[in-house]
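The structure presented is a predicted model; accordingly, all values stated were derived computationally and were not measured. All heavy atoms count here, side chains included; hydrogens, waters and symmetry mates do not.
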Amino acid sequence: MLSHEEFYQGRRVLVTGHSGFKGAWLCWLLSAMGAEAYGYALPPRSRCLYETARPPVADEIFADVRDHAGVERALAEFRPDMIIHLAAHAYLDGSYEDPANIFEINVMGTVGILEAVRRSKRRVPIVVVTSDKCYAQELKGKPCQETDPFGAAEAYSTSKACQDLAAQCYRISFPDMPIATARASNTIGGGDFNKTRLIPHLLDCFSSGRPAKLRNPSFVRPWQYVLDVLWGYLTLGKVLSEGGVTGDTSFNFGPAPDGFQTVGRVAELLASHFPGARYELGTEGCTGETQLLRLDSGKAWECLGWQPQYTLEETLAQAAAFQRGLGYASPAQLCREQVEQYRSRLQGTQG
């Protein structure tokens, strides 16, 4: 069986949503492994990781994932060997203001990708990235397994459940289409400038000397390193391409046990990297979010041989180092350095 490096060398991988946070990091990781990364996404926002670091891509198309003609053009021009579908409305924001738009992007955008591949009649393995938010909130803290029921909540989490089901539908209905779904959440890493998310908010406040405000400090979340999550997607894509997964091809990618921590504890650990950092505790239960969320990644560990390489403290240290490094190095240099650090860690554990 080929190693990851051998498998991805020269492989053409289409990353939808490559202008987003995880998409940009994924392009850097693919490039470091010798793959040809192709992108399909909306134009990047100002001051995002893609815009500041310019990850290496062989070619790209900027268009809406709901633009079926654009998707078909990307498939015809790029002729990918694999698709990692990240393009989505990826946040809770807007769930109560414009729910219909979220469903259109996350559900019908995914259906459009799957349908375009089906009509192309090419065998292209597809990893559809959904979310741990698809699980029913009635689990009340029980670690979510891939066989646990989905549940409806606000538009974002419900749309991700529908997206996951749509991917499963195509996998079952069209057995010649290799499709898998990947469920992960709360990825941490440098270059995430969306300040509505906790870690970017903390980093922005701590690095500028302003006190950070915490919402729901006792809520428990799975916190994990962005490169650990992306390595999970690449591992799943490789095994899927090689025919190494059958039956239910849905996989959780969560942190090791130390990565399940409260919002307050994460703020405390991150603050330790910034002298004089301060934070204020906010009101508990002020949103519709579930209070306790845990993922069971045992299936990925057993079936894929994947496991996280970084502890929570190391993950937060990497995010802090990236933030401090912006004062003297380019974002592209910081991305290259942290990708090489990650690959060295992998070689150490696998060798």
When you measure from the side chain of [X] to the backbone N and O of [Y], does any donor-acceptor pair fall under 3.5 Å?
X      : Y      : answer
Arg265 : Ser218 : no
Asp228 : Tyr310 : yes
Asp148 : Gln145 : yes

Tyr156 and His89 aromatic ring geometry - parallel, tilted or perpendicular at 30°/60° bounds:
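Tilted: the ring planes of His89 and Tyr156 meet at 30° to 60°.
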When you look at CD of Gln341, are more than 12 heavy atoms from neighbouring residues, nucleotides or ligands closer to it than 6.0 Å?
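Yes, CD of Gln341 has more than 12 neighbouring heavy atoms, counting only those of other groups under 6.0 Å.
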When you look at CD of Glu302, are more than 12 heavy atoms from neighbouring residues, nucleotides or ligands closer to it than 6.0 Å?
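No, CD of Glu302 has 12 or fewer neighbouring heavy atoms, counting only those of other groups under 6.0 Å.
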Determine the minimum heavy-atom distance between [X] and [Y], stating which atoms define it.
X      : Y      : answer
Trp306 : Ser297 : CZ3-CB, 4.1 Å
Thr158 : Ala153 : OG1-N, 2.9 Å
Pro143 : Asp296 : CB-CB, 4.1 Å
His273 : Pro275 : O-CD, 3.9 Å
Ser19  : Tyr50  : O-CB, 3.5 Å

Regarding [X] and [Y], is there a side-chain donor-to-acceptor distance under 3.5 Å anywhere?
X      : Y      : value
Glu5   : Gln9   : no
Thr196 : His201 : no
Arg122 : Ser120 : no
Gln168 : Tyr170 : no
Glu6   : Ser3   : yes
Tyr135 : Asn252 : yes
Glu314 : Gln309 : no
Thr110 : His85  : yes

Any heavy-atom pair between the side chains of [Y] and [X] that's under 4.5 Å?
X      : Y      : value
Leu316 : Ile188 : yes
Glu146 : Arg183 : yes
Leu326 : Leu334 : yes
Glu337 : Glu340 : no
Leu304 : Phe251 : yes
Phe21  : Leu26  : no
Gln261 : Trp223 : yes
Val57  : His18  : yes

Worked verdict on Glu115 versus Arg119 for salt bridge (charged side-chain N to carboxylate O under 4.0 Å, His left out):
CA-CA 6 Å; Glu115 186 63 12; Arg119 288 198 301 267; 3.5 Å; yes
Walk me through it: do Arg210 and Asp204 pass the test salt bridge (charged side-chain N to carboxylate O under 4.0 Å, His left out)?
CA-CA 8 Å; Arg210 295 181 288 110; Asp204 180 60; 2.4 Å; yes
With sequence neighbours excluded, give me every side-chain hydrogen bond (donor to acceptor under 3.5 Å, both in side chains) pair touching residues 21-35.
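Every pair satisfying side-chain hydrogen bond (donor to acceptor under 3.5 Å, both in side chains) with a residue in residues 21-35: Lys22-Tyr233.
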Worked check of salt bridge (charged side-chain N to carboxylate O under 4.0 Å, His left out) between Glu242 and Lys238:
CA-CA 6 Å; Glu242 295 173 336; Lys238 173 181 180 294; 3.1 Å; yes
Within 45 degrees of the axis of the six-membered ring of Phe7 and under 6.0 Å from its centre: does Arg11 put its NZ or CZ there?
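Satisfied, under 6.0 Å and within 45°.
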Might you work through the side-chain contact (heavy atoms from CB on, under 4.5 Å) test for Thr16 and Ile84, ending with a clear yes or no?
CA-CA 7 Å; Thr16 71; Ile84 300 183; over 6 Å; no
